[in-house]
Amino acid sequence: MPHLHRRACNLCEAICGLQVEVDAGRIVSIKGDPDDPHSRGFICPKALALKDLQEDPDRIRQPMRRTPDGWEPVGWDEALDEAGRAIAAIQKRHGMDALGIYWGNPPTHNHGLVLTMNPVFDALRTRNRYSAASVDQLPQYLVSRLMFGNQLMFPVPDLDHTQFWLILGGNPLASNGSVGSGPDMRSRLKAIQARGGAVVVVDPRRTETAQLASQHLAIRPGGDVWLLLALLQVITSEQLAHPARVLEWSRGLDQVAALVATCTPESVVDATGLDAESIRQLARDFAAAPSAVAYGRLGVCQTPNATLSHWLINLLNLLTGNTDRVGGAMFTTPAFDITGLAKLFAGGGHYARWKSRVRGLPEFSDELPAATLADEMLTPGVGQIKAMLLVAGNPVLSTPNGARLDTAMQQLDYCVAVDFYINESTRHANLILPPVTTWERGNFEAAVNAVQVRNVARYSQAALDAPADSRQDWQILTGLLARVEQHRDAMGWLVGRLRHGVSRVLTPDRLLDIALRLGPHGAWRRAGARLSLGKLRSAQRNLDLGPLQPSLPQALYTADKKVDAVPALMREELVRLLATRGAQTDAAAGLVLIGRRHVRTNNSWMHNYTRLVKGPSGCTLLMHPVDADQRQVFHGDMVSLRSRTGAITVELAVSEDMRPGVVSLPHGWGHDKPGTRLRVARDYAGASVNDVTDELLVDRLSGNAAVNGVVVDVLPMP
Ligand SMILES: Nc1nc2c(c(=O)[nH]1)N[C@H]1C(S)=C(S)[C@@H](COP(=O)(O)OP(=O)(O)OC[C@H]3O[C@@H](n4cnc5c(=O)[nH]c(N)nc54)[C@H](O)[C@@H]3O)O[C@H]1N2
Ligand SMILES: Nc1nc2c(c(=O)[nH]1)N[C@H]1C(S)=C(S)[C@@H](COP(=O)(O)OP(=O)(O)OC[C@H]3O[C@@H](n4cnc5c(=O)[nH]c(N)nc54)[C@H](O)[C@@H]3O)O[C@H]1N2
Ligand code: SF4
Ligand SMILES: [Mo]
């Protein structure tokens with residue numbers, strides 16, 4: 001008998017509700033759930049491919065060991081023991097830091113990992129910890145820590161109520177939004193305009209979002225910091241800001257006018273590629289709107305002044321009185337209080353307590369920037385990475401100069417991956433430990449609920465029985481740690497046994513239940529509110545916990561309960577930037593490269609499903625007709641894309657949507673490397689943009705990879 005199962009898609013931050021028909025242990029159909037109060041039936045094409053994930057013959061279902069004759073299956077016990085023994089031996093011989101760890105994006109959508117990963121990594125006692133966060137939102141972590149006292153206290157645009165949404169470097173129509181996310185961005189965006197509001201998109205490409213927007217400003221890549229400074233200059237010099245309501249819980253706003261005084265719109269025309277009048281008008285419109293919110297995402301994060309730019313975005317919201325106001329930049333009150341827990345267990349984050357060994361890049365909350373991972377593998381000396389633990393990540397395709405990392409990974413003494421594909425990164429592993437799929441486990445979006453444009457909570461129950469003798473991600477990690485500790489020494493063995501005992505009792509679901517009950521909507525915290533895991537389980541869909549509510553100053557984590565409008569680090573960095581202004585603003589000669597996303601992709605790992613990759617290539621280099629003419633290259637040509645770090649061959653698509661001088665190529669492609677088991681993806685290989693991005697280009701303060709704005713050249717194929 002087929003039965004209907006409801007759960008959420010956990011592929012991106014939108015967490016759309018799904019209705020899934022299941023029959024005899026197989027998924028028959030997947031549809032949007034019209035009864036989900038959050039997504040109201042909306043889904044995107046990726047949700048349907050979750051069926052392909054389940055059925056993919058290339059997905060590995062038991063631990064695999066690499067041998068000279070190919071991959072062979074191994075039992076779990078043997079596999080975990082082998083990996084534990086190898087890691088313990090390498091750490092004993094070369095020191096604790098000889099183990100490197102990299103984790104990718106999917107753990108964000110997996111509460112088992114959110115709740116176990118950090119303690120496990122702490123217990124592995126290495127400083128060589130990396131993640132996809134430093135190719136992504138690290139600048140936002142740093143700014144949140146500096147201004148609000150907590151790395152996870154992200155301002156979220158209150159889309160459903162704003163009258164003015166200024167988007168810098170985000171394309172929510174393709175990405176469904178990020179750090180400000182929700183299902184069906186098209187309708188949410190149209191609703192802003194329907195109620196008389198405006199959407200302004202600042203992006204070097206006329207994106208899908210820009211095409212719907214009220215206005216599009218085709219900025220020069222990396223120009224955002226200058227645009228933001230000029231907006232603040234106009235607002236302060238014309239006295240357009242009326243921040244009375246934020247003055248009592250912020251400090252430092254009085255310094256802003258002097259800091260930005262020289263940044264007139266006229267002075268940033270070169271750096272932004274925008275005309276002074278448009279900038280001035282944008283500042284006036286933003287300040288005059290009944291409510292407004294500036295929002296920046298990857299197009300800002302992945303540039304050399306990312307941290308500074310995100311600070312300026314927050315400052316623009318604050319100065320115009322739009323922080324913590326309905327329709328402005330607000331904070332969620334999620335059922336799982338992740339900021340409170342970040343404060344309790346990590347002090348709200350820390351920065352630059354130590355530096356990376358080779359390039360001296362700062363740590364942030366115990367992690368080093370992924371842009372220096374290959375350096376730490378390739379440079380001999382104490383602390384060199386000799387072994388890697390990869391958890392749900394594909395850094396060969398996802399981090400800058402992936403080709404160099406690819407080479408570095410070949411030289412490792414040992415590598416173990418927790419993943420269910422043999423892909424461009426995991427093919428270097430000696431052992432791959434595959435978890436169950438999302439269908440075979442329960443899921444709660446502990447991290448994502450904190451950045452949604454509305455407060456919601458749901459527990460998705462497993463839709464399919466997990467196969468016998470399978471493991472969830474968190475069980476693999478705790479199992480692996482137990483074996484490492486066992487092989488360390490007698491004391492390690494004892495600690496390992498104790499820890500194992502504790503983790504059998506305090507499972508992620510039990511911890512989640514406690515956190516929900518203690519949380520802001522929890523049964524133990526507020527009379528009337530009754531949230532617990534049991535209640536969420538039985539609801540079977542998103543529980544709507546209401547719109548974002550003003551919550552400052554109580555919600556702040558700074559000691560004095562004030563927003564630090566001008567943190568010392570930001571002030572110093574701005575002064576430095578302004579002092580080097582002439583050199584900085586010279587337009588790059590030639591072409592610069594930026595990235596993009598498409599609604600049928602999910603970073604690097606869903607190209608093995610025919611329904612998503614068939615049709616025209618998703619991996620094309622977009623170029624303006626003027627640039628194509630100059631180089632005598634034509635639409636549909638294969639061309640050579642070159643940079644300091646390498647050269648790749650890609651298909652050209654000539655497009656009026658590009659700003660002249662800028663080309664765009666998505667990441668996550670390049671599936672033609674030998675030794676992978678991705679039979680569909682191989683036919684739609686494309687090329688990896690990260691073979692031409694540059695590991696030396698990073699945000700100066702955070703070390704986040706600056707994969708946008710890379711100087712490149714495009715040549716016809718010989
Ligand atoms: N040039 C350029 N580079 C970029 C970006 C860009 O815009 N431009 N974007 C950056 C961003 S924002 C991100 S988030 C990163 C992503 O970087 P990564 O996270 O390193 O890459 P993904 O492609 O998401 O790889 C996810 C891996 O997890 C595996 N996986 C999927 N689900 C599960 C699961 O449930 N459990 C386990 N154990 N494994 C699973 C997949 O098989 C795959 O190997 O890429 C970054 N890199
Ligand atoms: N369909 C789909 N959705 C996804 C993902 C996916 O791979 N596919 N990945 C998910 C992940 S991990 C993330 S982090 C989010 C990211 O979500 P978004 O940040 O919305 O991601 P992008 O679509 O890459 O948008 C970045 C935009 O910045 C622009 N840009 C590049 N350089 C500059 C610049 O210097 N200045 C300005 N102003 N703009 C610039 C690019 O043209 C692009 O339109 O998406 C998530 N959602
Ligand atoms: S937008 Fe698509 S990928 Fe994202 S949660 Fe919804 S259905 Fe899943
Ligand atoms: Mo991301």
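Remember, it's 1-based here, ligands and their atoms both numbered in the order they're listed. We use all heavy atoms of the structure for the numbers below, so side chains are in, but hydrogens, waters and symmetry mates are not.
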> Quick one: does N176 get within less than 4.0 Å of ligand 2, heavy atoms only?
Replying inline: no
>> Within the 4.0 Å heavy-atom shell around D224, which atoms of ligand 2 are there?
In response: 34 (C), 35 (O), 36 (N), 37 (C), 38 (N)
> Is A174 near ligand 2, meaning one of its heavy atoms is under 4.0 Å from it?
Replying inline: yes
> Which is closest to atom 15 (C) of ligand 2 by heavy-atom distance: G296, S664, S178, G180?
Replying inline: S178
> Only one of T332, D160, D544 forms a side-chain hydrogen bond (donor to acceptor under 3.5 Å, both in side chains) with R454, so which one is it?
Replying inline: D544
> Can a salt bridge be assigned to the pair D52 and R611 using a cut-off of 4.0 Å between side-chain N and carboxylate O?
Replying inline: yes
>> Using only atom types and a distance under 3.5 Å, with no angle test, would you say the side chain of T162 pairs donor to acceptor with the backbone of D158?
In response: no
> Judged by modelled atom types alone, do S365 and Q151 share a side-chain donor-acceptor pair under 3.5 Å?
Replying inline: yes
> Would you say R600 contacts ligand 2, with heavy atoms under 4.0 Å as the rule?
Replying inline: no
>> So that I can check it, does any N, O or S atom in C12 come closer than 2.8 Å to atom 4 (Fe) of ligand 3?
In response: yes
>> Donor-acceptor check, side chain of N423 to backbone of T426, threshold 3.5 angstrom: yes or no?
In response: yes
>> Which residue and atom name correspond to the protein heavy atom nearest atom 26 (C) of ligand 2, and how close is it?
In response: G169 O, 3.5 Å
> In Å, rounded to the nearest 0.5 Å, how long is the span from SG of C9 to CD1 of I43?
Replying inline: 8.5 Å
>> Need the ligand 3 atom indices (1-based, order shown) with element for anything under 4.0 Å from a heavy-atom of N176.
In response: 1 (S)
> Tell me: protein heavy atom nearest atom 1 (N) of ligand 2, and distance?
Replying inline: H598 O, 2.8 Å
>> Just to check, does G222 reach to within less than 4.0 Å of ligand 2 when the distance is taken from its heavy atoms?
In response: yes
> Is it true that a side-chain atom of T372 and a backbone atom of P369 form a donor plus acceptor pair closer than 3.5 Å?
Replying inline: no
> atom 11 (C) of ligand 2: which protein heavy atom is closest, and how many Å away?
Replying inline: R597 NE, 3.7 Å
> Judging by distance only, is a nitrogen or oxygen of V202 under 3.5 angstrom from one on ligand 2?
Replying inline: yes
>> For N603, which part has a heavy atom under 4.0 Å from ligand 2: side chain, backbone, both, or neither?
In response: both
>> Can you report which non-hydrogen protein atom sits closest to atom 2 (C) of ligand 2, along with the distance?
In response: T601 O, 3.2 Å
> Any Lys/Arg nitrogen of R597 or E208 sitting under 4.0 Å from an Asp/Glu carboxylate oxygen of the other?
Replying inline: no
> Atoms of ligand 3 less than 4.0 Å from K46 heavy atoms?
Replying inline: 3 (S)
> Nearest protein heavy atom to atom 33 (C) of ligand 2, by residue and atom, and its distance?
Replying inline: G299 O, 3.3 Å
> Can you tell me which residue and heavy atom of the protein come closest to atom 25 (O) of ligand 2, and the distance to 0.1 Å?
Replying inline: N171 N, 3.5 Å
> Just how far is it from atom NZ of K46 to atom OH of Y609, taken to the nearest 0.5 Å?
Replying inline: 12.5 Å
> Which atoms of ligand 3 sit under 4.0 Å from any heavy atom of C9?
Replying inline: 3 (S), 5 (S), 7 (S), 8 (Fe)
> Looking only at N/O atoms, are P204 and ligand 2 under 3.5 Å apart anywhere?
Replying inline: no
>> Closer than 4.0 Å to some heavy atom of I15 - which atoms of ligand 3 meet that?
In response: 5 (S)
>> Could you tell me if N10 and E445 have a donor-acceptor pair between their side chains, going purely by distance under 3.5 Å?
In response: no
>> Can you name the atoms of ligand 3, numbered from 1 with element, that are less than 4.0 Å from a heavy atom of L11?
In response: 3 (S)
>> Between Q452 (side chain only) and E13 (backbone N and O only), is there a donor and an acceptor less than 3.5 Å apart?
In response: yes
>> Below the 3.5 angstrom mark, is there an N/O of T207, backbone or side chain, next to an N/O of ligand 2?
In response: no
> Side-chain donor-acceptor pair under 3.5 Å between R7 and T438, yes or no?
Replying inline: yes
> Considering only heavy atoms of A47, which atoms of ligand 3 have at least one such atom less than 4.0 Å away?
Replying inline: 7 (S)
>> Under 2.8 Å from atom 2 (Fe) of ligand 3 - does any N, O or S atom of C44 fall there?
In response: yes
